[in-house]
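We count residues from 1, following the sequence as given.
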Amino acid sequence: MIKRIAVVLCILITSIAFSQECSPFSKPHHYKLDKNKSASIGYVACLHARGVVAEVGYDKMFLGILAMGKGHHGATYTFLQYEVPFGRSRLYGGPAYRLNHNPTLIMGRVGADLKIYKRLWATAGVLQINRNLNYLHVGLKIQL
């Protein structure tokens with residue numbers, strides 16, 4: 001009986017006195033991305049709608065989403081793009097997919113970003129829906 005009480009006391013003392021890390025996930029040492037990884041979020045607008053663009057990338061390939069406002073009836077697009085850097089600017093292009101309002105693969109998205117200051121970029125792009133319909137949007141991006 002005394003041995004059981006001693007064991008229980010030892011367990012209680014060690015669990016209270018020493019903090020334990022029980023999470024299976026390791027904590028990040030820093031929140032900066034490597035040079036070959038990138039993420040950004042931005043605000044874009046065309047003549048009749050405003051939207052938000054977010055993208056993540058590895059090396060020169062990016063995956064992102066573009067959500068437009070009520071001028072586009074809340075249309076949302078996802079895209080895969082390849083980026084080519086040119087000094088303070090970068091050109092990108094690739095296929096796109098409309099997620100709502102008759103989901104379908106659309107022709108694609110091309111554009112350019114120009115570095116304004118540190119992590120702030122000006123962006124301009126064309127979202128080509130079909131041969132007769134495209135959207136030109138411009139805005140600002142913040143690289144995370």
Side-chain angles (χ1 to χ4, degrees), residues 4 6-144:
R4 288 183 188 170
V7 169
V8 170
L9 282 174
C10 285
I11 292 172
L12 285 175
I13 290 172
T14 56
S15 65
I16 293 171
F18 305 106
S19 65
Q20 299 174 1
E21 182 63 44
C22 297
S23 174
F25 307 105
S26 60
K27 293 182 181 178
H29 298 291
H30 55 81
Y31 294 97
K32 293 182 182 177
L33 295 173
D34 294 338
K35 291 195 184 268
N36 58 350
K37 298 175 190 156
S38 175
S40 65
I41 189 164
Y43 171 81
V44 294
C46 65
L47 293 176
H48 56 283
R50 292 177 297 278
V52 176
V53 63
E55 59 191 28
V56 293
Y58 180 76
D59 201 12
K60 295 180 181 179
M61 294 297 294
F62 285 83
L63 181 65
I65 190 163
L66 172 64
M68 297 302 287
K70 61 182 174 181
H72 285 239
H73 306 291
T76 305
Y77 307 92
T78 185
F79 54 86
L80 177 67
Q81 65 191 28
Y82 183 77
E83 170 189 286
V84 180
F86 286 108
R88 290 176 35 124
S89 64
R90 55 186 177 200
L91 303 175
Y92 56 83
Y97 185 82
R98 184 173 39 224
L99 295 173
N100 57 359
H101 307 306
N102 189 21
T104 185
L105 185 66
I106 59 176
M107 292 184 77
R109 180 174 183 258
V110 296
D113 292 345
L114 176 64
K115 190 173 194 174
I116 297 174
Y117 179 74
K118 292 187 181 181
R119 295 181 177 207
L120 183 64
W121 295 75
T123 184
V126 175
L127 185 65
Q128 188 75 36
I129 307 299
N130 56 40
R131 288 183 169 189
N132 301 321
L133 179 61
N134 60 29
Y135 297 121
L136 170 66
H137 53 269
V138 295
L140 296 173
K141 281 186 191 174
I142 296 175
Q143 188 174 12
L144 306 174

Does a side chain donor of either E55 or S40 reach within less than 3.5 Å of an acceptor in the other side chain?
-> yes
So do H137 and L66 actually touch side chain to side chain, heavy atoms under 4.5 Å?
-> yes
Under the criterion side chain to side chain contact (heavy atoms under 4.5 Å, CB included), which of L80, V126, T78, V53 is the partner of R109?
-> V53
A124 to V138 - nearest heavy-atom pair and separation = CB-CG1, 3.9 Å
Got a sec, which residues hit side chain to side chain donor-acceptor pair (under 3.5 Å) with T123, two or more places apart in sequence or on another chain?
-> Y92, D113
Start with the C-alpha gap between R50 and M68, add the side-chain angles, then the distance that decides, and say whether side chain to side chain contact (heavy atoms under 4.5 Å, CB included) holds.
-> CA-CA 6 Å; R50 292 177 297 278; M68 297 302 287; over 6 Å; no
With sequence neighbours left out, what residues match L133 under side chain to side chain contact (heavy atoms under 4.5 Å, CB included)?
-> I129, N130, Y135
Between the OH atom in Y82 and the CZ atom in R90, the distance rounded to the nearest 0.5 Å is 13.5 Å
Worked verdict on W121 versus I116 for side chain to side chain contact (heavy atoms under 4.5 Å, CB included) = CA-CA 5 Å; W121 295 75; I116 297 174; 5.9 Å; no
Do the non-hydrogen side-chain atoms of P95 and F79 ever get within less than 4.5 Å of each other?
-> no
Smallest heavy-atom separation, A112 atom then L91 atom, equals CB-CD2, 3.5 Å
So, for V56 and A39, which heavy atoms are closest and what is the spacing to 0.1 Å?
-> CG1-CB, 4.0 Å
Neighbour count >12 (heavy atoms, 6.0 Å) for atom CZ, R98 | yes
Of all residues at least two apart in sequence or in a different chain, which pass the side chain to side chain donor-acceptor pair (under 3.5 Å) check with Q128?
-> N134
Value for OG1 (T76) from CG (L99), rounded to nearest 0.5 Å, stands at 6.0 Å
Mark yes when over 12 heavy atoms from residues, nucleotides or ligands other than I142 sit less than 6.0 Å from its CD1; otherwise mark no.
-> no
Starting at CD1 of I106, measure out to OH of Y97 and round the result to the nearest 0.5 Å.
-> 10.5 Å
Spacing of S89 atom OG and L114 atom CG [to the nearest 0.5 Å] | 6.0 Å
Is the shortest side-chain N to carboxylate O distance from K60 to E83 below 4.0 Å?
-> no
Atom SG in C46, atom CG in L127: separation rounded to 0.5 Å?
-> 9.5 Å
